[in-house]
Amino acid sequence: MPPRVRFAPSPTGYLHVGGARTALFNWLFAKNTGGTFILRIEDTDKERSTDAHTQVILEGLSWLGITYDEGPFFQGGYGDRHRADAEAMLGRDQAYRCFCTKEELDAQRARAEKTGTPFRYDGRCGRLTKEEIDARMKEGRPFSIRLRMPDEEIAWDDAVHERISFQGRDLDDFIILRSDGSPIYNLAVVSDDIEMKITHVIRGDDHISNTPKQIAIYRALGKPIPTFAHVPMILGSDGKKLSKRHGATAVGDYQDKGILPLAMRNFLALLGWSPGGDREILPEAEMIKLFSLDGIQKKPAVFDTTKLEWMNGEYLSLVPVEDLLGPVKHHLDEMKVKYDGQRLPGLIDAVKARSRTLLDIANQVAVRLDATKVVPDAKGQQLIFKMGPAFSESLSSSLSTLTAVSAEAWKPTNLESALKELAVREGKKLGDIMQPIRVALTGGTVSEPVNELLAVVGRDESLSRLEAARR
């Protein structure tokens, strides 16, 4: 049958970039193989799961363009099946009732800590006789259900890491059903994957330790074991697991920062997967065609924000101005910057080639629209300091020249000619004329050509800013 894969996030927080990358790999694999991609919300943690977090996950996937073929299904609605599977294992003696109290388990744990050995349940309830079990049941003692771990090798051929092996004797008999009848993660996951006929489990390699337990459940239920592919972790620039200390880790944060969804998807795809060659910018069709589990790397991937912004800049250069109007307006509204809808396309077009994010575009547009946004940056301040009195003198000369240019003649070609003639007349380098104007109008030393900048800002506003900067 065609592959069936799933993305199964827990709605206890935002959509992390690591989760988004896992969803993307599953989606690409399904698209490449003609398989089915399923979304399952694992909401069994009732205390921490919220509808708001579920909505954030759905919105994040939608923004990235990751569509699912089936779902969303909600794990919390399948408790009856989870309990039935636990009872089935109990009936086959693949599991047993555990009557140990919290105090008894804490005492076992304390003894292990005292001897410096890892805690493992000693399996005492697994050795109870039928009469002892019946007596406890008659007394109404609460119990959980534990899986009886087999004393045998539990191994699988991982699609990323090749063969991985554990010994059952090294793993304790773990709880699969709590005393309140709620399933433990490993039981719920396996039960749902069996029901949904999942053929490939593609997930982060932090789940490797769960896999032998899950394989043991598959065997206890007599069901076929899927192919496992554990993808590498995503690290920060310091080589540690990506977290908030590295900056934004939520997909929504990057959307707010002005990253394009196509750029984010392209960037995430290359975190731990290689299409071969030196390809960086991958259209969707090419990404799907090239994707395979063989291309997933074993070593951790590093989340490089600089590379993400470079890639976003590449995508921005390909996007028509009309497609950028909506998000730029959104950012300008948040900045409380007033804008003229007719002027906006020209302003965006003037700055997008030098922008890395939509927020960059909005900030540069805001500077051209609102004089209060003009604040000299470090390089602008450096130029003012380096030029000293010559900075003000240069602006005075430019003001005299530009004031003579009428509103009708205020066009890039005329402005360029006027400033070049000024440089020749005063025997100055053209840069010594242009850079002070650029800093006066934008606060920075990088922009579109100064003649185009003057035209975009407009005659009256340009002259006003030059006079303010000269003073």
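Side chains are part of it too, since the values below use all heavy atoms of this structure and drop only hydrogens, waters and symmetry mates.
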**Q.** Side-chain donor-acceptor contact under 3.5 Å, Arg81 with Ser191
**A.** yes

Q.
Can you confirm whether Phe143 sits close enough to Tyr96 that some side-chain heavy atom of one is under 4.5 Å from a side-chain heavy atom of the other?
A. no

Q) Mind checking whether Arg40 and Phe7 have side chains closer than 4.5 Å, heavy atoms only? A) no

Q | Between His230 and Thr211: side-chain donor-acceptor atoms closer than 3.5 Å | A | yes

With a 3.5 Å cut-off and sequence neighbours excluded, list the donor-acceptor pairs that the side chains of residues 69-80 form with protein atoms.
from	atom 1	to	atom 2	distance (Å)
Asp69	OD2	Phe37	N	2.7
Glu70	OE1	Arg4	NH2	3.0
Glu70	OE2	Arg4	NH1	3.1
Gln75	NE2	Glu42	OE2	3.4
Gln75	NE2	Asp192	OD2	2.9
Asp80	OD1	Arg83	NH2	2.8

Q. Do the non-hydrogen side-chain atoms of Ile348 and Leu344 ever get within less than 4.5 Å of each other?
A. yes

Q) With a 4.5 Å limit on heavy-atom distance, are the side chains of Met137 and Arg97 in contact? A) yes

Q. Mind checking whether Arg92 and Leu221 have side chains closer than 4.5 Å, heavy atoms only?
A. yes

Q: Output yes when Lys130 and Asp134 qualify as a salt bridge under the 4.0 Å nitrogen-oxygen rule, no when they do not.
A: yes

**Q.** Heavy-atom side-chain proximity of Trp156 to Arg163 below 4.5 angstrom
**A.** no

(Q) Can you see whether Phe267 has Arg265 sitting over its ring - NZ or CZ less than 6.0 Å from the centre and within 45° of the normal? (A) no

Q: State, yes or no, whether a side-chain contact exists between Tyr68 and Asn26 at a heavy-atom distance under 4.5 Å.
A: no

Q) Can the ring centres of Phe291 and Trp273 be said to be less than 6.0 Å apart? A) yes

Q: May I ask you to check if Arg146 and Phe174 form a cation-pi contact, with NZ or CZ under 6.0 angstrom from the six-membered ring centre and within 45° of the axis?
A: no

